[in-house]
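These notes concern the structure reproduced below.
Just so you know, ligand 1 is whichever comes first in the structure, and atom 1 is the first atom listed for that ligand. We use all heavy atoms of the structure for the numbers below, so side chains are in, but hydrogens, waters and symmetry mates are not. Just so we're clear, the structure is a prediction, and the values are computed from it rather than from any experiment.
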Amino acid sequence: MKALVIGGAGYIGSHVVLYLCDRGIEVTVFDNLSTGKQENLDERALFVRGDILVETDLEQAFKDGNFDIVLHFAALKSPEESMLFPMRYAKNNLTGSLNILNTMLKFDVRNIVFSSSCAVYGESRYIPIDEKHPLEPINYYGYTKLAIEENLAWYARLGKINYAALRYFNAAGYDLDGRLRGREPQPTNLLPIIMETASGERSSMEVFGTDYATDDGSCIRDYIHVNDLARAHFQALEYIMAGEKPLVTNLATGRGYSVLQVIESAVKITGRTIAYDCTERRKGDPAVVIAGTERAFEALGWQARYSDIETILKSMWKVYGN
Ligand code: UDP
């Protein structure tokens with residue numbers, strides 16, 4: 001089986017490449033290394049440096065590949081940035097994904113696994129958020145993911161492709177065997193910021209809002225270990241290659257931790273003090289995001305194994321703690 005992993009040098013993509021190579025899949029990574037890292041590249045995979053906005057780059061990669069399936073991770077992912085610079089997101093996420101789809105068809109590659117996001121749901125109307133929840137993104141980033149899902153659905157309906165769209169909740173952690181250590185520069189997500197504070201790279205951090213309607217007043221999220229995500233991609237690949245019908249599913253645990261609970265766990269695991277200030281709410285943050293997980297289990301037999309917060313934080317401390 002031959003897979004083209006677009007964005008395979010990035011955080012989630014590289015963990016998936018590792019998993020696929022471990023399972024004997026022949027992997028080619030396509031990445032422009034804008035946020036992906038050379039150090040994340042797996043030696044067992046071929047690497048093609050290229051940009052999804054340059055059609056000839058894509059064609060070059062597909063030309064000799066004979067790929068059975070594409071896994072597409074290449075996207076910009078900051079909700080805040082997407083509200084300030086929507087054109088960047090329109091170009092990279094929308095145009096880039098359509099370029100990929102159209103190049104697939106040109107080279108008769110009919111299967112794709114797409115990285116979607118819980119951002120497609122917007123404000124939660126009910127908890128847990130299952131796949132039937134209304135799709136009303138509240139930032140442009142989430143809209144781009146939804147628009148790509150809709151295009152995938154149309155291409156499938158027109159008999160052109162088969163696909164799985166995987167809606168990640170809060171991806172976190174590092175490879176449990178310590179094989180990937182590429183750190184994101186200037187992270188905006190909670191867990192890397194906690195790690196940087198514990199390691200002393202930051203003197204303190206902010207907790208955005210402690211007046212939410214939750215037990216301790218801080219926001220609750222559903223954190224999913226990146227090794228669990230990697231296994232889900234492999235299972236989705238097998239599902240799609242078996243000719244099952246298109247799949248749109250959440251990937252999450254169905255359990256949530258508050259910001260203050262995560263900090264408390266991190267203090268225990270790292271043995272460090274983590275100074276924080278309780279500040280204003282961050283714009284656009286829902287109080288509670290917890291996923292329904294039944295569909296992934298029913299369709300793929302997948303459920304999280306390594307996503308308790310202690311395991312996630314321990315795997316991160318191996319990277320940040322020295
Ligand atoms: N958060 C925080 N301080 C930070 C970064 C994040 O309190 O420095 C909070 C944020 O307000 C949210 C939660 O942590 O409630 C998770 O945020 P993150 O950006 O990691 O993911 P999101 O759920 O926004 O996709």
Next item on the list: Considering only non-hydrogen protein atoms, determine which one is nearest to atom 18 (P) of ligand 1 and report residue, atom name and distance to 0.1 Å.
Entry: N189 ND2, 3.4 Å
Next item on the list: Please write down residue, atom name and distance for the protein heavy atom closest to atom 19 (O) of ligand 1.
Entry: R282 NH2, 3.0 Å
Next item on the list: Return a yes/no value for Y223: is any of its N or O atoms, backbone included, closer than 3.5 angstrom to an N or O of ligand 1?
Entry: no
Check: Among N170, N139, D277, V288, which one has a heavy atom closest to atom 21 (O) of ligand 1?
Finding: N170
Checklist line | Closest approach of any protein heavy atom to atom 23 (O) of ligand 1, naming residue and atom | finding: R221 NE, 2.7 Å
Checklist line | Nearest protein heavy atom with distance in Å, relative to atom 7 (O) of ligand 1 | finding: F208 N, 2.9 Å
Note to self: Quick test: of every protein heavy atom, which one is nearest to atom 15 (O) of ligand 1, and how far off is it to 0.1 Å?
What the structure shows: C219 CB, 3.0 Å
Checklist line | No-hydrogen, no-angle side-chain donor-acceptor test under 3.5 Å, Y89 and E81 | finding: yes
Notebook entry, point to check: M104 and R110: which non-hydrogen atoms are nearest, and at how many Å?
Noted result: CE-C, 4.1 Å
Notebook entry, point to check: Is the side chain of S115 donor-acceptor paired with the backbone N or O of H72 at a distance under 3.5 Å, no angle test?
Noted result: yes
Check: When only distance counts, is M205 in polar contact with ligand 1, meaning an N/O pair under 3.5 Å?
Finding: no
Notebook entry, point to check: Does K37 NZ have over 12 foreign heavy atoms under 6.0 Å away?
Noted result: yes
Margin query: Other residues, nucleotides and ligands only: do more than 12 of their heavy atoms fall within 6.0 Å of NZ on K106?
Written below: no
Next item on the list: Starting from atom 9 (C) of ligand 1, find the nearest protein heavy-atom neighbour and note its residue, name and distance.
Entry: V259 CG2, 3.8 Å
Note to self: Determine whether a donor-acceptor pair (N or O, by modelled atom type, separation under 3.5 Å) exists between the side chain of Y174 and the backbone of R179.
What the structure shows: no
Item checked: E280 atom CD, over 12 foreign heavy atoms within 6.0 Å -> no
Notebook entry, point to check: Which atoms of ligand 1 are found less than 4.0 Å from any heavy atom of D285?
Noted result: 10 (C), 11 (O), 12 (C), 15 (O), 24 (O)
Next item on the list: For Y143, look at atom OH and say whether over 12 heavy atoms of other residues, nucleotides or ligands are found less than 6.0 Å away.
Entry: no
Margin query: Using a 4.0 Å cut-off to any heavy atom of V207, which atoms of ligand 1 qualify?
Written below: 7 (O)
Item checked: Ligand-residue contact atoms, ligand 1 with I193, heavy atoms, under 4.0 Å -> 8 (O)
Margin query: Within ligand 1, which atoms have a heavy atom of T188 less than 4.0 Å away?
Written below: 5 (C), 19 (O)
Next item on the list: Number the atoms of ligand 1 from 1 as they appear, then name those within less than 4.0 Å of a heavy atom of E206, with their elements.
Entry: 2 (C), 3 (N), 4 (C), 7 (O), 8 (O)
Check: Is N102 reaching over with its side chain to a backbone N or O of L105, donor-acceptor style, under 3.5 angstrom?
Finding: no
Check: Quick check: are there more than 12 heavy atoms from other residues, nucleotides or ligands sitting under 6.0 Å from NZ of K91?
Finding: no
Item checked: Any N or O of L190 closer than 3.5 Å to N or O of ligand 1 -> yes
